[in-house]
Amino acid sequence: MELLVASAIGILTAAGLYLLLRLRTFPVILGISLLTYAVNVFLFASGRLTTGAPPILRDGIDVYADPLPQALVLTAIVISFGMTAVVVMIALGAYLGSDDDHVDDQPDDPDATSDTAPATESRT
C-alpha cells in the first residue's frame, strides 16, 4: 500500500512539474493543481495509512488514524480550490486582454527597437 501511494505521489509531482514548465496558461494551472494534489496525498499519507481505524482514541483501541493530517488536507483542499478559481480568473482576464495565452510574453515597449546591436560598417 505504501509503495502504491508513494508512486502516486511521484507521478503526480512529475506530471505537475512537466505541466508547470509549459508556456501556456492552462497547462500551468493544471500543473499547479497536480502539485497541490501531490502535497495533499503526501500530507494524508503522513498520518499513517490505516483502513477502518477510528480517528479518536478510546480505551482498548491500539490502532487509530491520526486526525491532524486529515484536517490539514481538508483545509488545503478548500484553500487550493479558492486559489485555483482566482488564478483561472486572472488567466482568463489576461487572455481576453491580449488574445494570447503564453506565459512568457514580454510587454510591448514602443521605445524599444528591434535591433539592439550597434550598427557597424562593413569594410570591403
Side-chain angles (χ1 to χ4, degrees):
M1 177 89 166
E2 288 85 8
L3 180 64
L4 181 66
V5 172
S7 299
I9 292 170
I11 290 170
L12 283 172
T13 303
L17 285 175
Y18 174 75
L19 289 173
L20 194 63
L21 295 175
R22 305 289 296 181
L23 296 177
R24 309 289 258 200
T25 53
F26 187 68
V28 168
I29 292 170
L30 286 179
I32 291 172
S33 296
L34 285 178
L35 282 175
T36 303
Y37 296 147
V39 169
N40 287 343
V41 172
F42 176 73
L43 282 175
F44 190 70
S46 70
R48 282 190 277 156
L49 298 173
T50 59
T51 57
I56 300 172
L57 280 176
R58 290 190 228 153
D59 293 334
I61 296 177
D62 295 332
V63 178
Y64 66 94
D66 191 8
L68 184 63
Q70 295 175 11
L72 287 174
V73 167
L74 184 61
T75 305
I77 288 170
V78 172
I79 291 170
S80 67
F81 180 73
M83 288 307 299
T84 301
V86 168
V87 170
V88 165
M89 291 307 296
I90 291 171
L92 185 62
Y95 173 71
L96 293 176
S98 66
D99 291 332
D100 191 14
D101 68 338
H102 285 276
V103 291
D104 64 341
D105 284 344
Q106 299 295 322
D108 293 332
D109 189 11
D111 296 332
T113 60
S114 62
D115 187 17
T116 58
T120 58
E121 295 179 18
S122 63
R123 296 181 184 183
T124 57

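Just so it is clear, the model here is predicted, and its values are computed rather than measured.
- Distance check, rounded to the nearest 0.5 Å: OG of S33 to CD1 of I29 gives 7.5 Å.
- Both L19 and L12 belong to a common hydrophobic cluster when Ile, Leu, Val, Met, Phe, Trp and Tyr are linked at side-chain heavy-atom distances under 4.5 angstrom.
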Considering only distance and modelled atom types, tabulate donor-acceptor pairs under 3.5 Å from the side chains of residues 70-93, sequence neighbours left out.
residue	atom	partner	partner atom	Å
T75	OG1	A71	O	2.9
S80	OG	A76	O	3.1
S80	OG	I77	O	3.0
T84	OG1	S80	O	2.7

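- Scored by the side-chain contact (heavy atoms from CB on, under 4.5 Å) test, I9 finds V5, T13, V41, F42 as partners (sequence neighbours excluded).
- Residues passing the side-chain contact (heavy atoms from CB on, under 4.5 Å) test with I11: none are found, sequence neighbours excluded.
- Cluster membership check: V39 does not share its hydrophobic cluster with I32, using side-chain heavy-atom separations under 4.5 Å among Ile, Leu, Val, Met, Phe, Trp and Tyr.
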